[in-house]
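All values derive from a computational prediction rather than experimental measurement. Just the heavy atoms: all of them, side chains too, but no hydrogens, waters or symmetry mates, feed the values below.
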Amino acid sequence: MSFWLDDVLVVENGARAASYTEEAGQRVMRNDEIVVRVALGRGDASATVWTCDLSHDYVSINADYRS
């Protein structure tokens with residue numbers, strides 16, 4: 001599995017990408033819109049999902065898991 005935030009590769013082959021830096025991740029997270037791309041490595045199927053902002057409380061609660 002690989003995972004990108006815009007052009008930043010975060011996860012590669014199921015593990016943190018060697019090229020990933022917190023600075024690059026933070027840069028992307030400041031954007032008003034972020035493209036999240038996941039490659040499962042299970043074939044050529046694709047899907048598009050549109051979502052909206054998360055509430056401040058939701059983000060605050062879940063930010064505690066990151067520390």
Side-chain angles (χ1 to χ4, degrees):
M1 196 270 296
S2 297
F3 176 87
W4 292 260
L5 295 172
D6 280 343
D7 63 341
V8 176
L9 179 61
V10 179
V11 175
E12 184 173 33
N13 297 321
R16 182 178 172 149
S19 62
Y20 177 75
T21 64
E22 283 291 319
E23 292 79 17
Q26 289 173 4
R27 174 183 53 81
V28 170
M29 296 303 285
R30 285 191 292 266
N31 295 341
D32 289 336
E33 294 184 11
I34 301 168
V35 173
V36 176
R37 184 167 44 118
V38 179
L40 299 175
R42 304 280 301 177
D44 294 329
S46 67
T48 299
V49 177
W50 295 92
T51 187
C52 62
D53 294 356
L54 301 174
S55 72
H56 178 78
D57 289 338
Y58 180 87
V59 173
S60 295
I61 291 166
N62 286 285
D64 290 337
Y65 296 113
R66 183 154 169 86
S67 56

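- Considering only residues two or more places apart in sequence or on other chains, Met1 meets the side-chain contact (heavy atoms from CB on, under 4.5 Å) condition with Phe3, Val11, Val38, Leu40.
- Of all the heavy atoms in Ile34 and Leu5, the pair that sits closest is CG2-CD2, 4.1 Å.
- In this view, Arg27 and Asp7 satisfy the salt bridge (charged side-chain N to carboxylate O under 4.0 Å, His left out) rule, not counting sequence neighbours.
- Within the structure, no pair that satisfies the salt bridge (charged side-chain N to carboxylate O under 4.0 Å, His left out) test touches residues 33-48, not counting sequence neighbours.
- Listed by chain and residue number, nothing satisfies the salt bridge (charged side-chain N to carboxylate O under 4.0 Å, His left out) test with Asp57 (two or more places apart in sequence, or in another chain).
- Checked against side-chain contact (heavy atoms from CB on, under 4.5 Å), Ser60 has the following partners two or more places apart in sequence or in another chain: His56.
- Here Trp4 is tied into one hydrophobic group with Leu9, each link being a pair of ILVMFWY side chains closer than 4.5 Å.
- Evaluation of the side-chain contact (heavy atoms from CB on, under 4.5 Å) rule for Asn13 yields no partner, not counting sequence neighbours.
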